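Order of the sequence lines fixes the chain letters, A, B, ..., with proteins taken first and strands second; residue numbering starts at 1 for each chain. These numbers come from the heavy atoms of this one structure, side chains and all, not from hydrogens, waters or symmetry mates. On a predicted model such as this, the values are computed, not experimentally measured, just so you know.
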Amino acid sequence: MYSLLGGIFLGWSLGANDASNIFGTAVSSRMIKFWTAALLASIFVILGALISGQAGIETLKGLTSFNVSQAVISSIAAALTVSAMTFLGLPVSTSQAVVGAIIGISIINSQLNVAGLGKVLICWFTTPVGGALITMVLYRLLAFVYNHLKIGLFGSDQLLKICLVISGSYGAYALGANNVANVTAVFVGAGTLSIFGAALIGGLSIAFGILTFSRPVMETIGKKLVALDPFSALMVSIAVGVTIHIYTLIGVPVSSSQAVVGSVLGIGIIKGASTVSIHTLKNILLAWFLTPVVACLLSIIITFGSYLEYTGGF
Amino acid sequence: MFKFFFKKENKVEELIYNYLENFQLIYENFEEAVFSCIKKPHCKEFNFLKEQTDKYESKADDIIDEINNLMYGKVLIPDSREDIMKLLHGLDKIPGYLEIVLFMIKYQKLVIPEKFFKDIQDLIKISLEACETLSKQVVGFIKKETGTRAFMNTIDKHESHCDYIEKRLIQKIFTSNIDPFVKLQLKELIICMGDISDQADRVSKMVNILSMKRRV
């Protein structure tokens with residue numbers, strides 16, 4: 001049971017950080033109350049993990065086969081990488097950290113699944129691009145419908161609020177389904193958990209992170225990103241949910257942060273405005289490279305460290 | 001279907017329509033008050049109508065306060081909240097100008113010379129037509145109806161016409177042979193009357209911008 005603590009810690013930090021990608025713009029701009037968002041996100045993350053989390057768990061489990069201590073090491077390496085990147089202010093992806101850590105241990109075990117890894121890397125690249133494309137298509141289509149709706153200012157306001165709640169819940173469902181693999185898939189590979197058990201514990205730990213520590217991140221995400229108008233915020237929310245859901249169906253855990261940045265860029269392209277600064281883009285590219293590399297190195301270092309033995313005095 | 005979840009929003013919408021009805025009562029009373037004063041200075045009817053105008057103006061303040069309280073209770077999404085508050089703040093300046101005009105007439109004991117009757121009547125009529133059109137434009141904006149720009153153009157025409165009358169009146173006042181002190185009093189009154197259509201024009205342009213901003 002104690003061996004799961006590393007995974008639970010990772011799930012908690014994922015929940016605390018990534019829920020902001022789903023409900024952040026709505027909460028920070030006070031369109032939805034924090035507790036409404038947190039409760040909905042928690043419920044739908046657990047549902048997503050239980051109903052659709054299996055494919056991602058299978059993919060990550062298939063990258064390599066670990067024993068329990070290696071599973072714990074990979075979780076700790078990923079969690080430390082996420083914490084370090086957050087401390088440095090870089091946009092961190094838990095999925096990249098987890099996969100980086102898995103690669104590190106796979107290198108030591110000399111059993112890396114190159115085909116599976118290739119699929120994951122392609123998906124990493126296409127997440128922000130997909131987010132941007134989906135946002136652009138959705139924006140054009142739904143803006144046409146929205147502009148032709150025969151409802152007043154108050155009606156359209158209420159419609160946007162309802163749609164934000166629905167799209168946020170859908171995004172949370174997709175997040176749970178996609179990212180639960182990051183949290184507990186290695187324990188399935190190590191034989192500690194069944195797939196259902198991994199989905200349940202992973203989902204619960206992400207929900208715990210959302211309920212206990214996501215408030216500060218949710219309340220600041222809208223200020224860190226560009227201020228979006230309510231309709232654009234809704235488009236970003238739907239596009240993030242759809243993007244993550246597509247990768248869930250493919251069975252690859254991806255970063256919701258990168259999906260959000262891609263979506264916001266998509267809004268920028270549509271509106272002809274600069275929605276993300278060059279500085280932010282540089283940081284994202286740096287984090288794309290650094291996160292898996294650091295996690296990989298950390299998992300190797302911790303594994304070697306675990307082999308060291310205390311041999312007594314001089 | 002979702003009305004149940006948006007009780008406060010529905011209350012704000014209802015209050016805005018109440019405000020606009022009350023706004024109409026203010027300018028109707030104001031018109032009657034000014035015309036009665038022109039016909040018969042300091043008559044009882046004028047005093048009664050002035051009191052009525054003050055009463056409705058005070059009611060308008062109460063409605064705005066109630067809307068403010070609901071808005072600070074986080075009704076509507078922030079963008080809409082800001083738009084509505086800006087709009088009501090601009091609109092609520094008009095009853096203030098109407099009250100000032102009546103206040104000046106009553107407490108400065110102004111008697112409008114007969115040679116200015118026609119122009120002042122025109123100035124008031126056109127200014128209040130601008131207010132009436134503005135009220136329709138605001139309803140159209142809230143109901144997301146088309147025609148906001150057409151209303152804005154009408155109000156703009158009224159405002160230009162009022163400006164023309166205002167200048168002509170001031171010129172006439174200073175070329176007349178009335179007491180110089182009364183000349184200054186009348187000039188101040190005319191400028192204040194001109195502020196009504198100026199403010200209506202400003203709010204109308206704001207409504208047009210808000211309406212364009214809300215298109216995605």
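- The part of Tyr139(A) that comes within reach of chain B is its side chain, from C-beta onward, which places non-hydrogen atoms under 4.5 angstrom from that chain.
- Residues from residues 14-21 of chain B that place a non-hydrogen atom less than 4.5 Å from a non-hydrogen atom of chain A comprise Ile16(B), given in numerical order.
- Between chain A and the options Ile142(B), Asp79(B), Val12(B), Leu76(B), the largest number of non-hydrogen pairs under 4.5 Å is found for Leu76(B).
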Tell me, with the steps shown, if Asn21(A) and Ser256(A) meet side chain to side chain donor-acceptor pair (under 3.5 Å). CA-CA 6 Å; Asn21(A) 295 328; Ser256(A) 56; 2.8 Å; yes
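- Applying the salt bridge (Lys or Arg N to Asp or Glu O under 4.0 Å) criterion to Lys205(B), with sequence neighbours excluded, gives Asp156(B), Asp201(B).
- Using a 4.5 Å cut-off between heavy atoms, Ser156(A) contacts chain B through its side chain alone, with no backbone atom that close.
- Classification of the Phe213(A)-Trp12(A) ring pair by plane angle, with boundaries at 30° and 60°, yields tilted.
- Looking at Asp119(B) and Lys172(B), their side chains come closer than 4.5 Å, going by heavy atoms from C-beta outward.
- A salt bridge links Lys50(B) with Asp54(B): the closest approach of a Lys/Arg side-chain nitrogen to an acidic carboxylate oxygen falls below 4.0 angstrom.
- The candidate from Leu160(A), Leu149(A), Ile151(A) with the greatest count of non-hydrogen atom pairs under 4.5 Å with chain B is Ile151(A).
- Side-chain N or O atoms of Tyr247(A) include one that pairs as donor or acceptor with a backbone N or O of Thr126(A) at under 3.5 Å.
- With Gln137(B) contributing its side chain and Thr148(B) its backbone, the two residues share a donor-acceptor pair below 3.5 Å.
- Taking the six-membered ring where the residue is Trp, the centroids of Tyr170(A) and Phe44(A) are separated by 6.0 Å or more.
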